[in-house]
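Since the structure is predicted, the reported quantities are computational estimates derived from the model, not experimental observations.
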Amino acid sequence: MGLHPLEFSECYLDSPSFREKIKSHEAELDKTNRFIKELYKDGKNLINATKQLGMAQRKFAQNLGEFQFEYIGDAKTDDEKCIDESLQEFSSFLKNLEDQRELMMRNITETLMKPLEKFRKDHLGVVRAERKRYEKETEKYYSSLEKLLNMSAKKKEPQLQEADLQVENVRLHFQEESLEYVCKLQEIQERKKFECVEPMLAFFQTVFTFYHQGFELAKDFDHYKRALQINIQNTRSRFEGARSEVYELMKRIREAPQDYRQTSAISFEGYLYVQEKRPPPFGSSWVKRYSTFVKEQKILHMVTFDHRSGGKIGETESVTLKSCLRKTTDVLDRRFCLELDITDRPGTVLTVQALSEDDHKFWMEAMGGKEPFGHYLGRTYSKERGIDAQLDEVGLSFMKNSISAIETRGINDQGLYRVVGVSSKVQKLLSLMIDETNIDMDLSTSEDWDVKTITSTLKLYLRSLPEPLMTYGLYKEFISLAKGGSPESRIQAVHCLVHKLPERNRQVLGLLMKHLAKVAAHSKQNLMTVANLGVVFGPTLMRPQEDTVAAIMDLKFQNIVVEILIEHDEKIFTDAPESCPLSPAAPEFSAPTRQSKKLSRQSRPLAVYNPQALDIQTVSVMGDGATLATDETSMGSNESVSSQSSSASASEISREKNDHIPLSSSLSSGSNSREPIAGSSLSAAAESQPASTTAEKEKPEESVTSRKAKAVFPCEAEHDSELSFQVGAIFNAVFKSREPGWLEGELEGKRGLIPENYVEFM
């Protein structure tokens, strides 16, 4: 049972049971007072601990924001740019979260701590004061009463009456105090129910608001997170491919290091021990110097470098070479020596020592000695495999035959071009097909060769050509355009470079790209998107003349070029370019980064791809337990997404949800999205309003002449206030929106918001 009610009538009786009831009420209020004091103390500890957490989180965010990744090579892919910027995005996210936490702590102080302390002091404190007065009046009354009752009855009547009157006044005052104290006790007992709980409710509302803000931040971050997952997956796939290439190169160099020595027609370099003569009787000493010989000018640059002294570099000495003679051991008791006649030091002969016999021969050849030695400048697949593949009529006929067979028999086969055939069968088929006597063989009707054998043979033929289909001469230009520039400038540059190819190369390349575009159009069945085909055919169609680690690092840019060729094959191979810039690479392009919802609406990254490819959805290459053999030119077991696109579209995310395919499983199995993100969510206020109302509120106050605009990329609206559209849609009455990065326009009678970087003004 709870506390007994205190009846006012009992104040006059002041019975023992009444006093027990009062004590119960007082004990309850004392307990409440202790509870509030302890809660206040814990609250302060909570605030201090949260402040410490906030400081640690901000320090963590600061460290994230200040760090930056370095990269190998002279350019980054768009995926690498996004990964590089991700730490700043994480930092910004944490700072926004901590801003909300700090606001929560201030609200907790105002809504919980201060009200509870105020109730404890203003009400429970008042009751404690009332209790002291009540006890004081009680003591005073009963003392006066005892004194009166102990008075002698023999006192004079006036004295007795005066004493009676004094005690009566004290009694009335005591009863009045008792009534007020009882009233206050019961009032506080009732008041504490809401005075204590209401601040707690406000506290939890503040906490819920903080978590809701965190949810909103996470929701706003979701598009960026998904896009970054794809960027990471792409980079990991490229890493796996590049790593295998690097290990293969390292293995070849280990087996034949001299074949891969970095030589050129311009210069030759390496370590030489140079004899330095001293005055008698000290003789001579041999000093190790890193030497570079410039062949055209016949200048030898030598710099002292001692590995044992921590890599200290000395001054560079340069001499002009007149002649070079091999010094025999019967003249000097040291092997691998050369005698150099110096032009700028008449009568001076410089004696140097190479590191080995092979090194000695290379220096002799470079300096015009008497023992020339032809060195190997690169590897070709045709020599390795013993296949005499040529870009002639027989080869063209084989290409047409193979493409016809693939499109007829296996255009929908899963993992087309990724699943490889048996090596022996592939080489046998290629040997047959490049033989003129078998030129009439029709692979479309032949059951002797399965589709994966035909696709592997086609790739082997292209790799076995004496020179890659896109030539050594244009390799650097193709790679350069992929490293920078806007999507439009990249396409234009590829268009121009393709028309610099030899006629036969361009004819075969156009035939192949038209075929690969058809393959990509069936990607829902065969799972081979443009991006996946780029991974397969990048190293097949393009390769540098020399095998180096730097060249392997450029593999990721080969994919970009091939993707552009596939997506724009009709334009590139049908029409000649109108004009070609002097330099194919335009200013560096980077997709705009996501902005916090607190600051502005998320900016949509620039789309890169042909809209026909935008409804491609990839899943794992093989289903339920099956595995694929990885092509030697592919970039790992996972499929890749083009480095040109750094985001996944909202439309794909929507389809993903409808198909019940979670993004995480899609990524882990090799599936990748390659569409642009459709933008972040609007504010809660905008979400709750129809498109026309929101648009009216966001319409600029200043007078702006309306213009027409044309969609250059497709977009699927995420909210009622946005417009959905396809490529080529025409917008009327287009204004600049107050939202950064957004426009307001009208399409088919509906007015709404448009991502600014998805349209161009007419």
Side-chain angles (χ1 to χ4, degrees), residues 1-45 109-203:
M1 183 177 177
L3 295 173
H4 291 280
L6 300 175
E7 298 294 344
F8 291 124
S9 58
E10 292 185 286
C11 294
Y12 294 92
L13 294 176
D14 197 19
S15 63
S17 62
F18 175 66
R19 287 287 178 160
E20 286 298 321
K21 293 177 183 178
I22 289 179
K23 285 184 179 180
S24 299
H25 280 262
E26 290 173 343
E28 174 61 24
L29 292 182
D30 287 341
K31 185 176 72 172
T32 303
N33 185 66
R34 289 193 301 272
F35 162 71
I36 293 177
K37 287 180 69 175
E38 193 67 26
L39 191 65
Y40 186 83
K41 179 182 176 182
D42 291 340
K44 291 188 69 173
N45 292 337
T109 300
E110 295 296 325
T111 59
L112 176 66
M113 307 298 290
K114 289 184 178 180
L116 285 178
E117 186 66 7
K118 187 175 186 302
F119 173 73
R120 191 181 71 83
K121 290 181 178 179
D122 293 353
H123 295 284
L124 296 180
V126 168
V127 169
R128 291 174 68 87
E130 290 283 343
R131 178 179 178 180
K132 289 180 180 180
R133 285 199 298 271
Y134 176 67
E135 291 174 348
K136 182 178 178 181
E137 290 298 325
T138 300
E139 178 65 24
K140 183 178 178 181
Y141 168 64
Y142 283 108
S143 296
S144 300
L145 183 61
E146 288 178 3
K147 185 177 180 180
L148 176 65
L149 295 177
N150 290 330
M151 183 177 289
S152 172
K154 297 180 179 180
K155 292 282 185 178
K156 294 181 179 179
E157 187 63 26
Q159 289 179 330
L160 293 174
Q161 290 179 353
E162 182 179 358
D164 290 340
L165 183 59
Q166 288 178 350
V167 171
E168 181 64 17
N169 289 335
V170 172
R171 182 181 65 80
L172 291 175
H173 193 269
F174 161 70
Q175 290 174 343
E176 183 68 24
E177 188 65 35
S178 178
L179 289 171
E180 290 186 5
Y181 182 54
V182 166
C183 180
K184 180 63 68 174
L185 280 176
Q186 298 190 115
E187 177 187 332
I188 297 301
Q189 293 290 4
E190 294 300 309
R191 180 183 288 273
K192 72 177 182 181
K193 298 175 184 177
F194 56 86
E195 291 283 5
C196 290
V197 176
E198 192 172 41
M200 295 301 301
L201 179 61
F203 163 75

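Interatomic distance, CG of Asp122 versus CZ of Arg191, reported as 10.0 Å (0.5 Å rounding). The CD atom of Glu198 sits 10.5 Å away from the CG atom of Leu116 when rounded to the nearest 0.5 Å. Rounded to the nearest 0.5 angstrom, Lys193 NZ and Glu195 CD are separated by 13.0 Å. With rounding to the nearest 0.5 Å, the separation of CZ in Arg128 from NZ in Lys132 is 6.5 Å. In this structure, the separation between CG on Leu29 and CD on Gln189 is 4.0 Å, given to the nearest 0.5 Å. In this structure, Asn150 CG and Leu145 CG are separated by 9.5 Å, a value rounded to the nearest 0.5 Å.
Taking all atoms of both residues into account, the shortest heavy-atom contact from Ile36 to Cys196 is CD1-SG, 3.8 Å. Smallest separation of non-hydrogen atoms from Cys11 and Leu179: SG-CD2, 3.7 Å. Minimum interatomic distance between Ser152 and Leu160 (heavy atoms only, all atoms of both residues): O-CD2, 3.8 Å. For Ile22 against Leu6, the heavy-atom pair with the smallest separation is N-CD2, 4.0 Å. Nearest heavy-atom pair across Met151 and Ala163 is CE-CB, 3.6 Å. Heavy-atom minimum distance, Glu137 versus His173: OE1-ND1, 2.9 Å.
Checking Glu26 against Tyr181 by side-chain atom types alone, a donor-acceptor pair falls below 3.5 Å.
Salt-bridge annotation for Lys31 and Glu28: present, with a side-chain N of the basic residue lying under 4.0 Å from a carboxylate O of the acidic one. A salt bridge does not link Glu38 with Arg34: none of the charged nitrogens is closer than 4.0 Å to a carboxylate oxygen. With respect to the salt-bridge test (charged N to carboxylate O, under 4.0 angstrom), the residues Glu117 and Lys114 do not qualify.
Under the 4.5 Å side-chain criterion, counting only non-hydrogen atoms from C-beta, Leu13 is not in contact with Phe18. Counting heavy atoms from C-beta outward, Thr138 and Arg19 have side chains that approach closer than 4.5 Å. With a 4.5 Å cut-off on side-chain heavy atoms, Glu177 and Glu130 count as touching. Looking at heavy atoms from C-beta onward, Tyr12 lies out of side-chain contact with Ser178 at the 4.5 angstrom threshold. Contact of the Glu10 side chain with the Val182 side chain is not registered, since no non-hydrogen atoms from C-beta on lie closer than 4.5 Å. Side chains of Lys41 and Lys44 form no contact here, defined as non-hydrogen atoms less than 4.5 Å apart.
Heavy-atom contacts from other residues, nucleotides or ligands closer than 6.0 Å to CZ of Arg133 number more than 12. Remark: Phe35 CZ is loosely packed, at most 12 non-hydrogen atoms of other residues, nucleotides or ligands lying under 6.0 Å away.
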> Gln166 and Glu162: side-chain contact (heavy atoms from CB on, under 4.5 Å), yes or no, with the steps?
Replying inline: CA-CA 6 Å; Gln166 288 178 350; Glu162 182 179 358; 3.8 Å; yes
> Would Arg131 and Asp30 count as a side-chain contact (heavy atoms from CB on, under 4.5 Å) if you check the C-alpha gap in whole Å, the side-chain angles of each, and the deciding distance to 0.1 Å?
Replying inline: CA-CA 12 Å; Arg131 178 179 178 180; Asp30 287 341; 3.3 Å; yes
>> Let's go through Gln175 and Asp14 carefully: what are the C-alpha distance in whole Å and the side-chain angles of both, what is the deciding distance for side-chain contact (heavy atoms from CB on, under 4.5 Å) to 0.1 Å, and is it a yes or a no?
In response: CA-CA 9 Å; Gln175 290 174 343; Asp14 197 19; over 6 Å; no
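Relative ring orientation between Tyr134 and Phe174 is described as parallel, the plane-to-plane angle staying below 30° on a 0-90° scale split at 30° and 60°.
Panel note: side chain His123, backbone Lys118; no donor-acceptor pair is recorded below 3.5 Å.
Here the rule is side-chain hydrogen bond (donor to acceptor under 3.5 Å, both in side chains) with Ser143, and of Glu146, Glu139, Lys140 only Glu139 fits it.
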